[in-house]
Structures are given as structure tokens and as C-alpha cells.
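Report on the structure given below.
Residue numbers start at 1 and run along the sequence shown.
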Amino acid sequence: MASDSVAQVAGRPGAGELLKTEMAQEAARRERQRDLRPLTHLIPYVRAHSADAVLAAVFLLISSGATLAIPWALRILVDKGFHSGQPQVLGRYFILAAGVVGILATATAGRFFFITKLGERVVADMRIALYRHVMSLDQAYFLKVRTGEVLSRMTTDLTIVENMVGSSISVALRNFLTFVGGLAILLVIAPAYTGFVFLLGAVVLVPLFLMGRRVRRLSTSAQERFAEAVAYAGETLDALETVQAFGRQGRASTRFAGAVEQAFRASLRRIGARAFMTALVMVLIAGGIGFVLWRAALSMSPGALTQFVFLSVLAAGSVGALGETWGDVQKTAGAMDRIAELLSARPDIAAPAHPVPLPTPARGEIAFENVAFAYPGRPDLPALNGFDLTVKPGETVALVGPSGAGKSTVFRLLLRFYDPLGGVVRIDGVDLRAADPDQVRARTALVAQDAALFSGSALENLRFGREEASLDELKAAARAAEAEGFLEALPEGLETPLGERAKTLSGGQRQRLAIARALVRDAPILLLDEATSALDAENERLVQRALHDAMAGRTTLVIAHRLATVLQADRIVVMDAGKVVEQGTHAELLAKGGLYARLAQLQFGQEAA
């Protein structure tokens, strides 16, 4: 596959540089596949629960010792118990063997409990840390990485890590201790034949490590293919209404099935490699043990031979099991590499080391000074270019302009989702780049055109605006947004679950609930991205009245597509190509006969005149 890719590259213009780049990427990928260092990222999480790790280790040592003691107990039982011919003596040695088995069972149960608990706890901590970190990333990161891929790392990859920490690592250590301990005892009881066991171990380990590399590569490939399938599923489920409206369910299902099939084929190659590795190890082990037993049976007592056989089987079986576990280690290293990559991502938008506090009490003054901005990946298409705007405290300004004029970008910069490439954005005189983004956003309340709501109750959605708000404040906000009537009419009132994204509500109801949530926030700056766009004429009139009251005493920026919204503004700012081209009242701008007059005629029709 890699050679085909190289051959294709070689035929293109500038093939030399492309070929070097691709070869370097392939070399880097192979180096990552051999690298187990990503597993070191687990150490802090395990160290945080060292008591469980220590108890698991103690029970592991006891169970491994008991496992190695069983062949010794069997040797005594055969040589001294069976040959004694005395029931009492035989019973005593049976009790001894049973005691060893009892210790093994108890220690195995303890090991299983504490190592499984440790695995569950480590993965729970990692999930929390990963989610918290993802929530801190800025908007630019999600322009490069799909949400479904992030979810795959938080679910599938962490499940792989959980299996490793909660099971495979314990099994690997147990098999390693069994192998080392078994060989040590074999050296004592039968040094001549133990050399064969050492040779057997070497013969098994060589193909084991060679095949382990291939398993690692195939595991990483399977994980990447599955992440792509999950990412596509997330996109289509997120836009299910659109998919169904366009009748594209079949196409979406076919594409998802193709992605799943690719993941399955990658997994099948990994499974085939592991199956071949397992069969090879078993054949080598069986052949080696058969030869050693044939030689040992000629010179040992029945009890010593029994002990030797059990120890040989335990030691050789441990090597085979280590082969299985090594595949899990390789797979987990690939998963941890992807998780560590996500954890290492750093947001471009973050609080400076010593943020400048916004003045208190808040005034709500906004200033854009010669701002230039282009979205990541589109440097040649500036969204704002020399944009200047000053909004006085308590002023309501409507932003009007054609699609792509930069209206929504103004909101995103004001919320500090991005920083300007040139110029300055200020709130209350403070450059937002010098302020803490959380403090900046605490001074704003946003109502988007398609406001995102959540699957909890109406009460939980309202409280999302301000966690500490009282029930009376929540109800007052719902009343102000003309949402109280339909919310109280729900089967359980404000406690009624609204379903995923509150889709049990109509578009107008969702918008009014979003407006109520913004009012709960009680912020000095209100950002309205055409908040009444989903409302009918009657509801729009009611909400406009509610918003008029809500705007009192607040600085308000509103992206306007309705005449009623424009008429409420103290000032209309007309934008085009990322700049302010006109400013004034509705009547003043109509009289100029410029861009606003043309937009008004198109959007507002005869009503504008």
C-alpha cells in the first residue's frame, strides 16, 4: 500500500519534494508504532490510586507464588502420599494441596478485584480529564478535527486503555512472574533439561516480537478507520432531519457501511496476524515440551517428573500468554498515542499569565478599532478588514448587511472565540487579548439564530444561563420571554424533559426558551443573532416587546433581518466585505439610497417604505 502511494506521488509535478515528504511521514508513522512511550501518560493516573495498585501487586505476588507452589504440592502428593499406602498420610498431603489451591483462589480474587477497580478508576479519571480538556479547546481546533473523532478517542480508545490497565497488565505481570519463577525452580530441580526450556523461550520470543510490530500497525489502522466511521455517523445523526428531508438515508447508510467495512477489514487483518502469531507460538511450545518430556521421563521420579511437567507447561504457557498480552500492549500504545495527542492540543485562545481584570461595575462599552480577521484555513478571504465600531453603554446597535459581510464574525470576536489578526477589540476599555476569556464571556449573553438547547428539563436549560439563579428568577425570565405559558402547560411544567436538543418544542418555543436563558444570565451585553427569526407574527410582537424591556440598561448588538428589529435600534450599522459602509437611523439610511436602501427593499419590501 505504501509502495503504491509512493509510485503515484513519483508521477506528479514536484514529485521529488512530495516523495521526500511522504517517505518522512511514513518513517515517522512507523517510528510511532514501535514507540511504547505513550503508555507513560498512564503513570500519573495510576499513581493517584497507588493504594489499589499496591494491593493488586501484593495479591499478584501471592497468586503467582501459589501458582508455582502447586507443582511442588503435586510432587509431594505423588512421591510421598500415593507411595505411602497410608490413608492418613495421603489425606494430609491432599489437605496441603487443597490449602495451596485455596490461597491461589483467594489471592486471584483479590488481584482481580483491585486491578479491575484500578482500571475502572484510571479510565474514569482520564475521561473526566479528557472531557475537561476538550471543553477548554477553542473553535479553531474543531475546524481541523471532527467532533466524531474526538468522541472516538473518548470512548473506543479509552475502552482499550481500560482493558489494558484493568486486565492485560495484570495478566502480563502474572505470566512474567510465572515464567521467571518457573525457570528458577526448574534450574534447581532439573538444570540439565532447563536449558531446553530457555532455548524454547528464545525460539518463541523472536517471532513474537516480529509479529507484534505488525499487530501494532494493524491495530492503529483499525482504530483510525473506526474513528472515521464514528465521525461520519456523528455528522449524519447531528443533521438527521436534513438527511431525511433530502431523502439521503440510503446514501448515508451506504457511506457509513463503507466506512465500517474498511474498519472491519483493518480489524480482520489484525485478527489474522494475531491468530497466526498464536498458532505459531503454540506449535513451537508443543514441539519443545514434547521433546523435553521425552528426555526427562527417562531419569526422574514420578513426582519430580510431574513437577517438572507442570512447571514446564506453566513457563511455556506464560510465554505464549505474553504473546497475546504483547498485542494488547501494542494496541493500547496506539490508543494512548491518540489520546495523548488530544490532551497535548493547546488552545490559541487562553487567559494570559496575568490577565487584566475587566472594570467593576460593568459599563458594557464595546469598541472595534481597525480590526482585521480571517478564519483559520482561509487567510486570503478576510471576514473583517479595517472594521471600526464603537457602541456606547446601554446603546442598541443593529448590524445589517449581505451574507458574508462579517456580522457573525463580530459576535465571535466579541465572545473571544477568536483573536483579531490586526487591530483591537475592547470591552469597557480592556483589550480582550489581555483579559481572561471566561470573564469576557461572563459579561455577554448570546441568543443565536439556531440556539442550542439540551436534553434536560426546561428548568435545567434555563439554569444553564446562570447556575445560581433562583426559581423565581428563572420563572421571571421565562415570563419576560413569553415562554411561561407553554412551559407551564407541559406535563410536568418546568421539570418536563425536553428530549434531545429540546426537539419536542416547536422552533418558536425553542427560540423563546433560548431568549429566557439569555435573560437569566443578566449580563451587561446582549448579543442577538436575529433572535426572533423562528417566530410567527404574533409571537414576534410579544418577544420584541419582551426584548425591548430586556435591552433597557444593557448594551445590545443585534444581527437584524426583520424590520421590527431594525426599528428598535438606536443606530443601524451597515456592513459589507468586512467593513462599515453606512451608519444611521432607518429613515436616514433610506434617504441616502445606498446599500441599506437596497437591502431594505429586498428584505423588508414595501413595509420598509
Side-chain angles (χ1 to χ4, degrees), residues 128-147 149-151 153-154 339-360 362 364-389 391 399 406-452 464-467 518 521 523-529 555 557 559 578:
I128 293 169
L130 199 57
Y131 181 78
R132 184 179 291 120
H133 180 72
V134 168
M135 294 299 287
S136 74
L137 297 176
D138 53 28
Q139 304 291 313
Y141 179 80
F142 292 97
L143 295 178
K144 299 178 290 185
V145 179
R146 291 188 294 181
T147 305
E149 186 175 344
V150 173
L151 291 175
R153 298 184 191 191
M154 294 176 66
I339 292 169
E341 183 183 0
L342 181 56
L343 285 171
S344 65
R346 291 291 175 265
D348 295 326
I349 306 300
H354 302 288
V356 176
L358 295 176
T360 304
E365 182 182 21
I366 298 171
F368 286 76
E369 301 171 4
N370 195 30
V371 171
F373 176 75
Y375 287 98
R378 297 186 294 173
D380 299 329
L381 295 172
L384 295 179
N385 188 12
F387 180 75
D388 288 291
L389 176 66
V391 184
L399 301 179
K407 303 183 296 295
S408 296
T409 303
V410 171
F411 280 21
R412 294 187 179 113
L413 292 182
L414 199 56
L415 288 162
R416 212 189 162 204
F417 291 156
Y418 302 93
D419 283 334
L421 302 179
V424 179
V425 181
R426 302 182 192 275
I427 289 180
D428 290 342
V430 176
D431 185 345
L432 297 192
R433 285 173 293 198
D436 186 337
D438 290 340
Q439 192 178 14
V440 171
R441 293 162 194 165
R443 300 222 165 171
T444 61
L446 171 68
V447 181
Q449 189 169 5
D450 184 18
F464 194 83
R466 183 160 51 92
E467 191 69 31
R521 194 159 177 77
I525 298 174
L526 193 59
L527 304 178
L528 305 175
D529 188 354
T555 305
L557 273 181
I559 296 175

Under the 3.5 angstrom rule, does the side chain of Asn385 hit a backbone N or O of Gly578 as a donor-acceptor pair?
no
Sequence neighbours left out, what passes ring pair (Phe, Tyr, Trp, His ring centres under 6.0 Å) with Phe368? Give chain and number order.
Phe387
What distance do [X] atom [atom1] and [Y] atom [atom2] have between them, rounded to the nearest 0.5 Å?
X: His133; Y: Leu342; atom1: NE2; atom2: CG; result: 5.5 Å
X: Ser136; Y: Asp438; atom1: OG; atom2: CG; result: 10.0 Å
X: Arg521; Y: Thr444; atom1: CZ; atom2: OG1; result: 6.0 Å
X: Thr409; Y: Leu414; atom1: OG1; atom2: CG; result: 12.0 Å

With sequence neighbours excluded, tell me which residues meet side-chain contact (heavy atoms from CB on, under 4.5 Å) with [X].
X: Tyr418; value: Gln139, Ala140, Leu143, Phe373, Tyr375, Pro376, Arg412, Leu413
X: Ala351; value: Asp436, Pro437
X: Ala362; value: Asp428, Arg443, Pro524
X: Ala340; value: His41

Excluding sequence neighbours, so at least two apart, what forms salt bridge (charged side-chain N to carboxylate O under 4.0 Å, His left out) with [X]?
X: Arg153; value: Glu149, Glu341
X: Arg441; value: none
X: Asp388; value: none
X: Asp431; value: Arg433

On a heavy-atom basis, which atom in [X] and which in [Y] lie closest, and how many Å separate them?
X: Ile525; Y: Gly364; result: CG1-CA, 3.9 Å
X: Pro420; Y: Val425; result: CG-CG2, 4.1 Å
X: Ala374; Y: Pro382; result: CB-CA, 3.9 Å
X: Leu384; Y: Gly406; result: CD2-O, 3.8 Å
X: Leu358; Y: Ala435; result: CD2-CB, 4.5 Å

4.5 Å side-chain heavy-atom contact, [X] and [Y]:
X: Val424; Y: Leu432; result: no
X: Val447; Y: Leu527; result: no
X: Phe142; Y: Leu137; result: yes

Going by salt bridge (Lys or Arg N to Asp or Glu O under 4.0 Å), name the pairs with one or both residues in residues 367-378, residues two or more places apart or in two chains.
Glu369-Arg426
Could you check whether atom OH of Tyr131 has more than 12 heavy atoms from other residues, nucleotides or ligands sitting under 6.0 Å from it?
no
I'd like to know whether Leu130 forms a side-chain contact (heavy atoms from CB on, under 4.5 Å) with Ile339, so could you lay out the CA-CA distance, the side-chain angles of the two residues, the decisive distance to 0.1 Å, and finally the verdict.
CA-CA 8 Å; Leu130 199 57; Ile339 292 169; 4.2 Å; yes
Run the side-chain hydrogen bond (donor to acceptor under 3.5 Å, both in side chains) test against Gln439 and tell me which residues pass, sequence neighbours left out.
none
Residues in side-chain hydrogen bond (donor to acceptor under 3.5 Å, both in side chains) with Arg416, at least two apart?
Asp419
Working note: Phe411 + Leu528, criterion side-chain contact (heavy atoms from CB on, under 4.5 Å); need CA distance, chi angles, decisive distance, verdict.
CA-CA 9 Å; Phe411 280 21; Leu528 305 175; 5.6 Å; no
side-chain contact (heavy atoms from CB on, under 4.5 Å) assessment of Leu389 paired with Ile366
CA-CA 8 Å; Leu389 176 66; Ile366 298 171; 5.7 Å; no
